[in-house]
Protein chains: 2
Amino acid sequence: MRLVIARCSVDYVGRLTAHLPMATRLILIKADGSVSIHADDRAYKPLNWMNPPCTLKESDGTWTVTHKNGEQLVITVEEILHDSTHELGVDPGLRKDGVEAHLQELLAERIEVLGKGWTLIRREYPTAIGPVDLLCRDHTGACVAVEIKRRGEIDGVEQLTRYLELLNRDPLLAPVRGVFAAQEIKPQARVLAEDRGITCVTLDYDALRGREDDSLRLF
Amino acid sequence: MRLVIARCSVDYVGRLTAHLPMATRLILIKADGSVSIHADDRAYKPLNWMNPPCTLKESDGTWTVTHKNGEQLVITVEEILHDSTHELGVDPGLRKDGVEAHLQELLAERIEVLGKGWTLIRREYPTAIGPVDLLCRDHTGACVAVEIKRRGEIDGVEQLTRYLELLNRDPLLAPVRGVFAAQEIKPQARVLAEDRGITCVTLDYDALRGREDDSLRLF
DNA sequence: CTCTAAATTTCGCAC
DNA sequence: GTGCGAAGTTTAGAG
(Lines give C-alpha, C1' and ligand atoms only; values in the text may rest on other atoms or scores of the structure.)
Protein backbone atom coordinates (compact mmCIF):
# COMPACT_ATOMS: atom_id res chain seq x y z
CA MET A 1 0.00 0.00 0.00
CA ARG A 2 1.32 3.37 -1.04
CA LEU A 3 0.23 6.58 0.69
CA VAL A 4 0.77 9.84 -1.16
CA ILE A 5 -0.22 13.26 0.08
CA ALA A 6 -0.09 15.60 -2.91
CA ARG A 7 -1.43 18.74 -4.50
CA CYS A 8 -3.23 17.33 -7.50
CA SER A 9 -6.11 17.68 -9.89
CA VAL A 10 -8.03 14.65 -11.08
CA ASP A 11 -10.09 13.83 -14.15
CA TYR A 12 -12.29 10.77 -14.42
CA VAL A 13 -13.79 9.61 -17.68
CA GLY A 14 -15.93 6.50 -17.63
CA ARG A 15 -19.48 5.96 -16.47
CA LEU A 16 -19.56 9.75 -16.22
CA THR A 17 -17.14 12.62 -16.62
CA ALA A 18 -15.88 14.26 -13.44
CA HIS A 19 -13.21 16.77 -12.49
CA LEU A 20 -11.45 17.62 -9.24
CA PRO A 21 -9.70 21.02 -9.17
CA MET A 22 -6.15 21.33 -7.86
CA ALA A 23 -5.98 20.79 -4.08
CA THR A 24 -4.13 18.77 -1.46
CA ARG A 25 -5.44 15.23 -1.05
CA LEU A 26 -4.54 11.67 -0.11
CA ILE A 27 -3.86 9.32 -3.00
CA LEU A 28 -4.20 5.71 -1.87
CA ILE A 29 -2.64 3.06 -4.10
CA LYS A 30 -3.34 -0.52 -3.08
CA ALA A 31 -1.63 -3.81 -3.83
CA ASP A 32 -4.37 -4.85 -6.28
CA GLY A 33 -3.62 -1.74 -8.37
CA SER A 34 -6.73 0.14 -7.28
CA VAL A 35 -6.47 3.87 -6.63
CA SER A 36 -8.60 6.18 -4.53
CA ILE A 37 -8.44 9.91 -3.84
CA HIS A 38 -9.54 11.08 -0.39
CA ALA A 39 -10.32 14.54 0.97
CA ASP A 40 -10.07 15.27 4.69
CA ASP A 41 -13.69 14.39 5.40
CA ARG A 42 -16.12 11.49 5.07
CA ALA A 43 -15.03 8.05 6.23
CA TYR A 44 -16.68 5.95 3.64
CA LYS A 45 -16.53 7.43 0.18
CA PRO A 46 -13.48 8.58 -1.75
CA LEU A 47 -13.74 11.72 -3.90
CA ASN A 48 -12.65 9.71 -6.88
CA TRP A 49 -11.48 6.15 -7.40
CA MET A 50 -10.70 3.34 -9.80
CA ASN A 51 -11.71 -0.20 -8.95
CA PRO A 52 -9.54 -3.17 -9.77
CA PRO A 53 -8.58 -4.56 -12.17
CA CYS A 54 -6.69 -1.51 -13.32
CA THR A 55 -3.13 -0.35 -13.96
CA LEU A 56 -1.29 2.80 -12.95
CA LYS A 57 1.21 4.46 -15.29
CA GLU A 58 3.34 7.28 -13.95
CA SER A 59 4.81 9.69 -16.46
CA ASP A 60 6.19 13.01 -15.32
CA GLY A 61 3.51 14.67 -13.22
CA THR A 62 0.70 12.71 -14.87
CA TRP A 63 -0.53 9.48 -13.34
CA THR A 64 -2.92 7.57 -15.52
CA VAL A 65 -5.05 4.76 -14.09
CA THR A 66 -6.73 2.64 -16.75
CA HIS A 67 -9.43 0.08 -16.11
CA LYS A 68 -9.91 -3.01 -18.26
CA ASN A 69 -13.23 -1.66 -19.51
CA GLY A 70 -11.70 1.62 -20.71
CA GLU A 71 -12.54 3.89 -17.79
CA GLN A 72 -9.72 6.26 -17.00
CA LEU A 73 -8.55 8.32 -14.05
CA VAL A 74 -5.92 10.96 -14.79
CA ILE A 75 -4.15 12.49 -11.80
CA THR A 76 -2.06 15.60 -12.43
CA VAL A 77 0.41 15.87 -9.56
CA GLU A 78 1.77 19.34 -8.84
CA GLU A 79 3.60 18.70 -5.59
CA ILE A 80 4.20 15.64 -3.42
CA LEU A 81 4.14 16.31 0.33
CA HIS A 82 4.41 12.73 1.54
CA ASP A 83 5.07 9.40 -0.12
CA SER A 84 5.42 6.12 1.76
CA THR A 85 4.94 2.46 0.91
CA HIS A 86 3.97 -0.30 3.34
CA GLU A 87 3.70 -4.08 3.26
CA LEU A 88 0.37 -5.19 4.65
CA GLY A 89 -0.18 -8.75 3.49
CA VAL A 90 -3.51 -10.42 2.92
CA ASP A 91 -6.30 -9.43 5.27
CA PRO A 92 -8.15 -12.22 7.12
CA GLY A 93 -11.40 -10.34 6.40
CA LEU A 94 -14.51 -9.29 8.24
CA ARG A 95 -16.82 -11.51 10.27
CA LYS A 96 -20.38 -10.20 10.31
CA ASP A 97 -23.43 -11.03 12.34
CA GLY A 98 -27.00 -9.84 12.26
CA VAL A 99 -27.75 -9.67 8.56
CA GLU A 100 -30.88 -10.67 6.72
CA ALA A 101 -29.76 -14.25 6.08
CA HIS A 102 -29.43 -14.79 9.79
CA LEU A 103 -32.83 -13.23 10.46
CA GLN A 104 -34.31 -15.64 7.94
CA GLU A 105 -32.58 -18.58 9.58
CA LEU A 106 -33.77 -17.59 13.05
CA LEU A 107 -37.34 -16.96 11.96
CA ALA A 108 -37.44 -20.27 10.04
CA GLU A 109 -36.41 -22.06 13.23
CA ARG A 110 -39.11 -20.32 15.24
CA ILE A 111 -41.85 -20.01 12.65
CA GLU A 112 -44.43 -20.51 15.40
CA VAL A 113 -43.75 -16.97 16.61
CA LEU A 114 -45.66 -15.73 13.56
CA GLY A 115 -48.71 -17.56 14.88
CA LYS A 116 -49.76 -20.61 16.86
CA GLY A 117 -49.84 -23.74 14.74
CA TRP A 118 -47.87 -22.23 11.82
CA THR A 119 -45.58 -24.57 9.92
CA LEU A 120 -42.74 -23.94 7.50
CA ILE A 121 -43.11 -25.28 3.95
CA ARG A 122 -39.62 -24.14 2.98
CA ARG A 123 -37.05 -21.36 3.03
CA GLU A 124 -36.08 -19.72 -0.28
CA TYR A 125 -39.16 -21.13 -2.03
CA PRO A 126 -38.29 -20.82 -5.72
CA THR A 127 -40.48 -18.91 -8.18
CA ALA A 128 -39.92 -17.66 -11.72
CA ILE A 129 -39.10 -14.17 -10.45
CA GLY A 130 -36.90 -15.22 -7.54
CA PRO A 131 -37.04 -17.08 -4.24
CA VAL A 132 -39.63 -16.28 -1.56
CA ASP A 133 -37.87 -15.93 1.81
CA LEU A 134 -40.26 -18.18 3.72
CA LEU A 135 -43.33 -20.07 2.56
CA CYS A 136 -45.49 -21.44 5.37
CA ARG A 137 -48.98 -22.50 6.39
CA ASP A 138 -51.00 -20.94 9.17
CA HIS A 139 -53.08 -22.91 11.70
CA THR A 140 -55.90 -23.25 9.14
CA GLY A 141 -53.54 -24.67 6.52
CA ALA A 142 -53.67 -21.50 4.42
CA CYS A 143 -50.50 -20.55 2.58
CA VAL A 144 -48.47 -17.51 3.69
CA ALA A 145 -45.47 -15.92 1.93
CA VAL A 146 -43.06 -14.12 4.26
CA GLU A 147 -40.63 -11.47 3.04
CA ILE A 148 -37.86 -10.70 5.51
CA LYS A 149 -35.86 -7.47 5.52
CA ARG A 150 -33.55 -5.81 7.97
CA ARG A 151 -35.23 -2.52 7.19
CA GLY A 152 -38.66 -2.68 5.64
CA GLU A 153 -39.10 -0.11 2.88
CA ILE A 154 -41.42 0.31 -0.07
CA ASP A 155 -39.23 -1.79 -2.36
CA GLY A 156 -39.67 -4.79 -0.09
CA VAL A 157 -43.45 -4.45 -0.16
CA GLU A 158 -43.37 -4.25 -3.96
CA GLN A 159 -41.19 -7.37 -4.07
CA LEU A 160 -43.58 -9.31 -1.82
CA THR A 161 -46.55 -8.06 -3.87
CA ARG A 162 -44.98 -9.49 -7.04
CA TYR A 163 -44.39 -12.84 -5.33
CA LEU A 164 -47.97 -12.93 -4.03
CA GLU A 165 -49.39 -12.18 -7.45
CA LEU A 166 -47.39 -15.05 -8.92
CA LEU A 167 -48.04 -17.52 -6.10
CA ASN A 168 -51.77 -16.84 -6.26
CA ARG A 169 -51.81 -18.03 -9.86
CA ASP A 170 -50.87 -21.50 -8.58
CA PRO A 171 -54.13 -23.34 -7.76
CA LEU A 172 -52.24 -25.71 -5.45
CA LEU A 173 -51.17 -22.79 -3.26
CA ALA A 174 -53.84 -20.09 -3.65
CA PRO A 175 -55.04 -18.24 -1.75
CA VAL A 176 -51.65 -17.03 -0.48
CA ARG A 177 -51.45 -14.06 1.83
CA GLY A 178 -48.36 -12.06 2.76
CA VAL A 179 -46.36 -11.20 5.85
CA PHE A 180 -43.77 -8.43 5.72
CA ALA A 181 -41.26 -9.00 8.53
CA ALA A 182 -38.43 -6.59 9.36
CA GLN A 183 -36.44 -5.27 12.29
CA GLU A 184 -37.75 -1.83 11.38
CA ILE A 185 -40.62 -0.93 9.07
CA LYS A 186 -40.79 2.55 7.55
CA PRO A 187 -44.21 4.22 7.97
CA GLN A 188 -44.86 4.54 4.23
CA ALA A 189 -43.94 0.91 3.68
CA ARG A 190 -46.33 -0.11 6.43
CA VAL A 191 -49.14 1.95 4.92
CA LEU A 192 -48.57 0.47 1.46
CA ALA A 193 -48.37 -3.07 2.84
CA GLU A 194 -51.51 -2.81 4.92
CA ASP A 195 -53.36 -1.17 2.05
CA ARG A 196 -52.59 -4.34 0.11
CA GLY A 197 -53.68 -6.64 2.90
CA ILE A 198 -50.14 -7.58 3.84
CA THR A 199 -49.48 -8.12 7.53
CA CYS A 200 -46.52 -6.23 9.00
CA VAL A 201 -44.39 -7.82 11.70
CA THR A 202 -41.56 -6.13 13.57
CA LEU A 203 -38.76 -8.54 14.46
CA ASP A 204 -36.58 -8.20 17.54
CA TYR A 205 -33.25 -9.74 16.61
CA ASP A 206 -31.91 -10.27 20.13
CA ALA A 207 -35.22 -11.70 21.32
CA LEU A 208 -35.46 -13.99 18.27
CA ARG A 209 -32.02 -15.28 19.07
CA GLY A 210 -32.57 -15.43 22.81
CA ARG A 211 -36.06 -16.35 23.82
CA GLU A 212 -39.02 -17.45 21.78
CA ASP A 213 -41.51 -15.48 23.82
CA ASP A 214 -41.76 -11.74 23.31
CA SER A 215 -39.64 -12.01 20.19
CA LEU A 216 -41.87 -9.88 17.99
CA ARG A 217 -44.77 -7.55 18.02
CA LEU A 218 -47.78 -7.71 15.75
CA PHE A 219 -49.48 -4.47 14.81
CA MET B 1 -5.66 13.83 8.12
CA ARG B 2 -3.80 11.20 10.10
CA LEU B 3 -2.41 8.08 8.47
CA VAL B 4 -1.62 5.14 10.71
CA ILE B 5 -0.30 1.79 9.57
CA ALA B 6 -0.76 -0.62 12.45
CA ARG B 7 -1.30 -4.20 13.49
CA CYS B 8 -4.76 -4.05 14.94
CA SER B 9 -8.00 -5.87 15.54
CA VAL B 10 -11.33 -4.08 15.19
CA ASP B 11 -14.77 -4.59 16.65
CA TYR B 12 -17.86 -2.80 15.41
CA VAL B 13 -21.13 -2.78 17.33
CA GLY B 14 -24.01 -0.86 15.83
CA ARG B 15 -26.33 -1.74 13.00
CA LEU B 16 -24.69 -5.14 13.18
CA THR B 17 -21.85 -6.77 15.05
CA ALA B 18 -18.59 -7.28 13.15
CA HIS B 19 -15.05 -8.33 13.99
CA LEU B 20 -11.71 -7.96 12.24
CA PRO B 21 -8.96 -10.28 13.49
CA MET B 22 -5.48 -8.92 14.23
CA ALA B 23 -3.64 -7.89 11.05
CA THR B 24 -1.72 -5.00 9.53
CA ARG B 25 -3.98 -2.30 8.08
CA LEU B 26 -4.30 1.41 7.32
CA ILE B 27 -6.24 3.45 9.84
CA LEU B 28 -7.40 6.70 8.27
CA ILE B 29 -8.49 9.47 10.64
CA LYS B 30 -9.98 12.53 8.98
CA ALA B 31 -10.46 16.12 10.08
CA ASP B 32 -14.17 15.62 10.63
CA GLY B 33 -13.40 12.87 13.18
CA SER B 34 -14.41 10.03 10.89
CA VAL B 35 -12.32 6.85 10.91
CA SER B 36 -11.89 4.14 8.32
CA ILE B 37 -9.88 0.90 8.26
CA HIS B 38 -8.44 -0.18 4.92
CA ALA B 39 -6.88 -3.45 3.79
CA ASP B 40 -4.49 -3.55 0.84
CA ASP B 41 -7.22 -4.16 -1.72
CA ARG B 42 -10.40 -2.59 -3.04
CA ALA B 43 -10.42 1.10 -3.86
CA TYR B 44 -13.88 2.01 -2.75
CA LYS B 45 -14.97 0.32 0.44
CA PRO B 46 -13.16 0.30 3.78
CA LEU B 47 -13.13 -2.92 5.81
CA ASN B 48 -14.70 -1.02 8.66
CA TRP B 49 -15.52 2.61 9.33
CA MET B 50 -17.35 5.17 11.41
CA ASN B 51 -19.12 8.03 9.72
CA PRO B 52 -19.17 11.54 11.18
CA PRO B 53 -20.27 12.89 13.53
CA CYS B 54 -18.16 10.76 15.85
CA THR B 55 -15.37 11.11 18.37
CA LEU B 56 -12.13 9.15 18.83
CA LYS B 57 -10.78 8.41 22.30
CA GLU B 58 -7.30 6.89 22.58
CA SER B 59 -6.50 5.03 25.76
CA ASP B 60 -3.50 2.73 25.91
CA GLY B 61 -3.73 0.42 22.93
CA THR B 62 -7.51 0.80 22.65
CA TRP B 63 -8.99 3.41 20.32
CA THR B 64 -12.70 3.86 20.73
CA VAL B 65 -14.72 5.69 18.09
CA THR B 66 -18.23 6.57 19.23
CA HIS B 67 -21.01 7.84 17.01
CA LYS B 68 -23.77 10.15 18.24
CA ASN B 69 -26.34 7.38 17.76
CA GLY B 70 -24.45 4.92 19.95
CA GLU B 71 -22.62 2.90 17.32
CA GLN B 72 -19.10 2.04 18.36
CA LEU B 73 -15.86 1.03 16.69
CA VAL B 74 -13.17 -0.34 18.98
CA ILE B 75 -9.66 -0.62 17.54
CA THR B 76 -7.14 -2.64 19.50
CA VAL B 77 -3.69 -1.49 18.37
CA GLU B 78 -0.87 -3.97 18.89
CA GLU B 79 1.92 -2.22 16.98
CA ILE B 80 2.21 1.06 15.11
CA LEU B 81 4.37 0.88 11.97
CA HIS B 82 3.70 4.37 10.65
CA ASP B 83 1.98 7.45 11.99
CA SER B 84 1.85 10.78 10.18
CA THR B 85 -0.47 13.78 10.20
CA HIS B 86 -1.10 16.16 7.29
CA GLU B 87 -2.92 19.45 6.79
CA LEU B 88 -5.15 19.23 3.73
CA GLY B 89 -7.62 22.09 4.02
CA VAL B 90 -11.13 22.11 2.60
CA ASP B 91 -11.59 20.36 -0.72
CA PRO B 92 -13.18 22.32 -3.58
CA GLY B 93 -15.21 19.21 -4.40
CA LEU B 94 -16.14 17.20 -7.44
CA ARG B 95 -17.73 18.53 -10.61
CA LYS B 96 -19.84 15.88 -12.33
CA ASP B 97 -21.41 15.55 -15.71
CA GLY B 98 -23.66 12.92 -17.19
CA VAL B 99 -25.95 12.09 -14.33
CA GLU B 100 -29.70 11.69 -14.37
CA ALA B 101 -30.39 15.40 -13.83
CA HIS B 102 -28.48 16.19 -16.97
CA LEU B 103 -30.26 13.47 -18.93
CA GLN B 104 -33.55 14.98 -17.78
CA GLU B 105 -32.42 18.45 -18.84
CA LEU B 106 -31.31 17.26 -22.26
CA LEU B 107 -34.45 15.23 -22.89
CA ALA B 108 -36.65 18.15 -21.76
CA GLU B 109 -34.92 20.37 -24.31
CA ARG B 110 -35.44 17.80 -27.05
CA ILE B 111 -38.76 16.33 -26.06
CA GLU B 112 -39.63 15.95 -29.73
CA VAL B 113 -37.22 13.01 -29.94
CA LEU B 114 -39.81 10.97 -28.00
CA GLY B 115 -42.24 11.56 -30.83
CA LYS B 116 -43.16 14.08 -33.51
CA GLY B 117 -45.41 16.81 -32.15
CA TRP B 118 -44.74 16.02 -28.49
CA THR B 119 -44.69 18.97 -26.09
CA LEU B 120 -43.41 19.34 -22.56
CA ILE B 121 -45.91 20.27 -19.84
CA ARG B 122 -43.21 20.52 -17.19
CA ARG B 123 -40.15 18.93 -15.61
CA GLU B 124 -40.42 17.61 -12.05
CA TYR B 125 -44.22 17.63 -12.18
CA PRO B 126 -45.24 17.49 -8.50
CA THR B 127 -47.50 14.76 -7.12
CA ALA B 128 -48.35 13.66 -3.60
CA ILE B 129 -45.83 10.82 -3.79
CA GLY B 130 -43.05 12.78 -5.46
CA PRO B 131 -42.18 14.60 -8.67
CA VAL B 132 -42.64 13.01 -12.11
CA ASP B 133 -39.47 13.55 -14.14
CA LEU B 134 -41.23 14.81 -17.27
CA LEU B 135 -44.89 15.29 -17.97
CA CYS B 136 -45.72 15.89 -21.63
CA ARG B 137 -48.39 15.57 -24.31
CA ASP B 138 -48.06 13.49 -27.44
CA HIS B 139 -49.17 14.63 -30.91
CA THR B 140 -52.81 13.75 -30.07
CA GLY B 141 -52.71 15.83 -26.90
CA ALA B 142 -52.72 12.75 -24.66
CA CYS B 143 -50.75 12.99 -21.43
CA VAL B 144 -47.52 11.03 -21.00
CA ALA B 145 -45.44 10.62 -17.83
CA VAL B 146 -41.73 10.02 -18.46
CA GLU B 147 -39.46 8.44 -15.87
CA ILE B 148 -35.75 8.91 -16.60
CA LYS B 149 -32.99 6.74 -15.17
CA ARG B 150 -29.36 6.23 -15.95
CA ARG B 151 -29.91 2.51 -15.62
CA GLY B 152 -33.44 1.25 -15.88
CA GLU B 153 -34.24 -1.43 -13.31
CA ILE B 154 -37.38 -2.85 -11.76
CA ASP B 155 -37.52 -0.17 -9.07
CA GLY B 156 -37.84 2.52 -11.70
CA VAL B 157 -40.75 0.73 -13.35
CA GLU B 158 -42.49 0.39 -9.98
CA GLN B 159 -41.91 4.07 -9.33
CA LEU B 160 -43.40 5.07 -12.69
CA THR B 161 -46.32 2.69 -12.10
CA ARG B 162 -47.12 4.43 -8.82
CA TYR B 163 -47.02 7.83 -10.53
CA LEU B 164 -49.27 6.62 -13.35
CA GLU B 165 -51.79 5.19 -10.92
CA LEU B 166 -51.96 8.54 -9.13
CA LEU B 167 -51.98 10.72 -12.28
CA ASN B 168 -54.78 8.64 -13.78
CA ARG B 169 -57.00 9.53 -10.83
CA ASP B 170 -56.86 13.17 -12.02
CA PRO B 171 -59.70 13.66 -14.53
CA LEU B 172 -57.89 16.69 -15.98
CA LEU B 173 -54.94 14.52 -16.97
CA ALA B 174 -56.29 10.98 -17.50
CA PRO B 175 -55.68 8.91 -19.45
CA VAL B 176 -51.92 9.15 -18.77
CA ARG B 177 -49.56 6.59 -20.24
CA GLY B 178 -45.93 6.00 -19.32
CA VAL B 179 -42.52 6.12 -20.96
CA PHE B 180 -39.55 4.55 -19.22
CA ALA B 181 -36.37 6.19 -20.57
CA ALA B 182 -32.86 5.12 -19.61
CA GLN B 183 -29.36 4.82 -21.01
CA GLU B 184 -29.62 1.10 -20.34
CA ILE B 185 -32.71 -0.95 -19.53
CA LYS B 186 -32.36 -4.28 -17.74
CA PRO B 187 -34.26 -7.14 -19.44
CA GLN B 188 -36.48 -7.86 -16.44
CA ALA B 189 -37.33 -4.18 -16.10
CA ARG B 190 -38.23 -4.06 -19.79
CA VAL B 191 -40.48 -7.12 -19.49
CA LEU B 192 -42.25 -5.70 -16.44
CA ALA B 193 -42.69 -2.28 -18.07
CA GLU B 194 -44.06 -3.63 -21.32
CA ASP B 195 -46.35 -6.00 -19.45
CA ARG B 196 -47.84 -2.88 -17.88
CA GLY B 197 -48.17 -1.04 -21.17
CA ILE B 198 -45.22 1.24 -20.44
CA THR B 199 -43.06 2.16 -23.43
CA CYS B 200 -39.31 1.63 -23.02
CA VAL B 201 -36.85 4.05 -24.62
CA THR B 202 -33.08 3.69 -24.67
CA LEU B 203 -31.29 7.04 -24.48
CA ASP B 204 -27.92 7.74 -26.08
CA TYR B 205 -26.31 10.40 -23.91
CA ASP B 206 -23.73 11.60 -26.43
CA ALA B 207 -26.26 11.70 -29.25
CA LEU B 208 -28.79 13.54 -27.06
CA ARG B 209 -26.17 16.12 -26.32
CA GLY B 210 -24.84 16.26 -29.85
CA ARG B 211 -27.44 15.83 -32.54
CA GLU B 212 -31.16 15.50 -32.34
CA ASP B 213 -31.37 12.85 -35.00
CA ASP B 214 -30.46 9.31 -34.05
CA SER B 215 -30.52 10.24 -30.40
CA LEU B 216 -32.56 7.29 -29.25
CA ARG B 217 -33.92 3.98 -30.30
CA LEU B 218 -37.44 2.75 -29.72
CA PHE B 219 -37.97 -0.95 -29.18
C1' DC C 1 -36.14 15.64 11.78
C1' DT C 2 -37.96 12.05 8.28
C1' DC C 3 -38.40 10.12 3.84
C1' DT C 4 -37.09 9.40 -1.02
C1' DA C 5 -34.32 8.53 -4.75
C1' DA C 6 -29.52 8.38 -6.83
C1' DA C 7 -24.92 6.41 -6.88
C1' DT C 8 -18.91 6.15 -11.31
C1' DT C 9 -23.10 2.88 -5.95
C1' DT C 10 -20.09 -1.83 -4.46
C1' DC C 11 -20.49 -6.59 -3.38
C1' DG C 12 -21.78 -11.31 -3.55
C1' DC C 13 -24.20 -15.14 -5.36
C1' DA C 14 -26.52 -17.81 -8.74
C1' DC C 15 -27.22 -19.08 -13.38
C1' DG D 1 -20.04 -13.10 -17.94
C1' DT D 2 -24.95 -11.24 -16.72
C1' DG D 3 -28.57 -10.52 -13.66
C1' DC D 4 -30.46 -9.60 -9.33
C1' DG D 5 -30.79 -8.39 -4.54
C1' DA D 6 -28.38 -6.79 -0.19
C1' DA D 7 -25.53 -3.28 2.00
C1' DG D 8 -23.44 -1.20 8.83
C1' DT D 9 -25.06 0.77 1.90
C1' DT D 10 -23.73 6.46 1.69
C1' DT D 11 -25.17 10.73 -0.12
C1' DA D 12 -27.97 14.53 -1.50
C1' DG D 13 -32.31 16.85 -1.47
C1' DA D 14 -37.06 17.85 -0.30
C1' DG D 15 -40.80 18.41 3.08
Side-chain angles (χ1 to χ4, degrees), chain A residues 10-18 34 36-37 41-52 54 67-73 93-94 96-104 124 126 129-131 133 147-151 153-156 158-159 183 186-191, chain B residues 10-18 34 36 41-52 67 69-73 93-94 96-104 124 126-131 133 147-151 153-156 158-160 162-163 182-192:
Chain A
V10 184
D11 288 279
Y12 165 76
V13 179
R15 281 168 283 185
L16 55 65
T17 301
S34 65
S36 55
I37 321 281
D41 62 354
R42 290 193 194 91
Y44 191 79
K45 200 183 169 182
L47 283 169
N48 234 325
W49 68 94
M50 186 65 79
N51 289 326
C54 62
H67 192 275
K68 247 176 103 172
N69 65 15
E71 293 177 50
Q72 240 182 12
L73 196 66
L94 191 67
K96 287 185 198 177
D97 187 23
V99 285
E100 187 193 313
H102 201 187
L103 272 179
Q104 190 192 109
E124 302 285 349
I129 55 170
D133 287 342
E147 177 66 32
I148 302 168
K149 295 279 181 215
R150 202 181 58 73
R151 283 199 309 195
E153 300 181 26
I154 281 181
D155 282 5
E158 298 286 15
Q159 196 181 334
Q183 283 186 286
K186 295 289 173 75
Q188 295 223 0
R190 183 182 297 275
V191 169
Chain B
V10 185
D11 287 281
Y12 165 76
V13 178
R15 282 169 283 184
L16 55 62
T17 301
S34 66
S36 56
D41 62 354
R42 290 196 186 90
Y44 189 79
K45 203 182 167 183
L47 283 169
N48 234 326
W49 68 93
M50 187 63 80
N51 289 325
H67 191 276
N69 64 16
E71 293 176 52
Q72 240 183 11
L73 196 67
L94 192 67
K96 288 185 197 179
D97 186 24
V99 284
E100 188 194 312
H102 201 188
L103 271 179
Q104 188 192 109
E124 302 285 350
T127 77
I129 55 170
D133 287 342
E147 177 67 31
I148 302 167
K149 295 277 181 218
R150 201 180 59 74
R151 284 198 308 193
E153 301 182 26
I154 282 181
D155 282 5
E158 298 286 15
Q159 195 181 334
L160 178 54
R162 290 195 295 272
Y163 289 141
Q183 284 186 284
E184 178 200 351
I185 299 180
K186 296 288 173 72
Q188 295 221 359
R190 182 181 298 275
V191 168
L192 182 63

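Chain identifiers are assigned alphabetically (A, B, ...) following the order of the sequence lines, protein sequences preceding nucleic acid strands; residue numbering begins at 1 within each chain. In this text the structure is predicted, and so the values were computed from the model without any measurement.
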* To do: Check if the side chain of A:Gln159 and the base of D:dG5 share a donor-acceptor pair of N or O atoms closer than 3.5 Å.
  => no
* Sticking with atom C1', work out how far C:dT8 lies from D:dA14, rounded to a whole angstrom. => 24 Å
* How long is the gap from CD on A:Glu158 to CG on B:Asp155, to the nearest 0.5 Å? -> 8.5 Å
* Asked: Has the side chain of A:Tyr44 got a donor or acceptor atom that lies under 3.5 Å from a matching backbone atom of B:Tyr44?
  -> no
* Please state how far atom CG in A:Leu47 lies from atom C1' in C:dT9, giving the value in whole angstrom units. => 15 Å
* Using a cut-off of 4.0 Å on non-hydrogen atoms, how would the nucleic acid contact of B:Pro131 be classed: base, sugar-phosphate, or nothing? -> nothing
* Asked: Hey, does the side chain of A:Lys45 come within less than 4.0 Å of C:dT8's phosphate (OP1/OP2), counting only N and O?
  -> yes
* Compare the aromatic ring of B:Tyr44 with the six-membered base ring of C:dT9 and state whether they stack according to the 5.5 Å and 30° rule. => no
* To do: Assign each of B:Asn48 and B:Pro52 to its nearest nucleotide of DNA chain D by heavy atoms, then name whichever residue's nucleotide is nearer the 5' end.
  => B:Asn48
* Structure fact -> Rounded to the nearest 0.5 angstrom, the CZ-CD distance for B:Arg151 and B:Gln183 is 10.5 Å
* Under 4.0 angstrom between B:Trp49 side-chain N/O and D:dT10 OP1 or OP2 -> yes
* Structure fact -> Taken to the nearest 0.5 Å, the spacing of A:Cys54 SG from A:Gln72 CD works out to 11.0 Å
* Which whole-number value in Å describes the distance from A:Arg151 CZ to D:dG8 C1'? -> 9 Å
* Taking atom C1' in both C:dA14 and D:dG8, what distance in whole Å separates the two? -> 24 Å
* Asked: Can a side chain N or O of A:Lys149 be found less than 4.0 Å away from OP1 or OP2 on D:dA6?
  -> yes
* Asked: In whole Å, what is the span from the CD atom of A:Glu124 to the P atom of D:dA6?
  -> 10 Å
* **Nearest-nucleotide comparison on DNA chain C, the residue closer to the 5′ end among A:Leu73 and A:Glu153** => A:Glu153
* Structure fact -> Taking C:dT8, C:dC11, C:dC3 as options, the one with an atom nearest any side-chain atom of B:Arg42 is C:dC11
* Asked: When you check the phosphate oxygens OP1 and OP2 of C:dA7, does a side-chain N or O of A:Arg15 lie under 4.0 Å from one of them?
  -> no
* Grab the CG-P distance between A:Leu94 and C:dG12 for me, whole Å please. => 10 Å
* To do: Would you mind reporting whether B:Val10 and B:Leu47 have side-chain heavy atoms less than 4.5 Å apart?
  => no
* Using atom CD1 of A:Ile154 as one end and atom P of C:dC3 as the other, report the distance to the nearest whole Å. => 11 Å
* Atom-to-atom span, CG of B:Asp41 to P of C:dC11 - whole angstrom -> 9 Å
* Structure fact -> So NZ of B:Lys96 and NE2 of B:His102: to nearest 0.5 Å the spacing works out to 14.5 Å
* When you check the phosphate oxygens OP1 and OP2 of D:dT2, does a side-chain N or O of B:Lys186 lie under 4.0 Å from one of them? -> no
* To do: Report the nucleotide, chosen from D:dG8, C:dT8, C:dT4, that has the shortest atom-to-atom distance to any side-chain atom of A:Tyr12.
  => C:dT8
* **Minimum-distance nucleotide (side-chain atoms of B:Tyr163 versus C:dT10, C:dA5, D:dG8)** => C:dA5
* Rounded to the nearest Å, what distance is computed from the NE2 atom of residue A:His102 to the P atom of nucleotide D:dA6? -> 18 Å
* For A:Gln188 and C:dT2, give me the distance from atom CD to atom C1', rounded to whole Å. => 10 Å
* Structure fact -> Result for 5'-nearest mapping on DNA chain D, choosing between B:Asn51 and A:Ala101, is A:Ala101
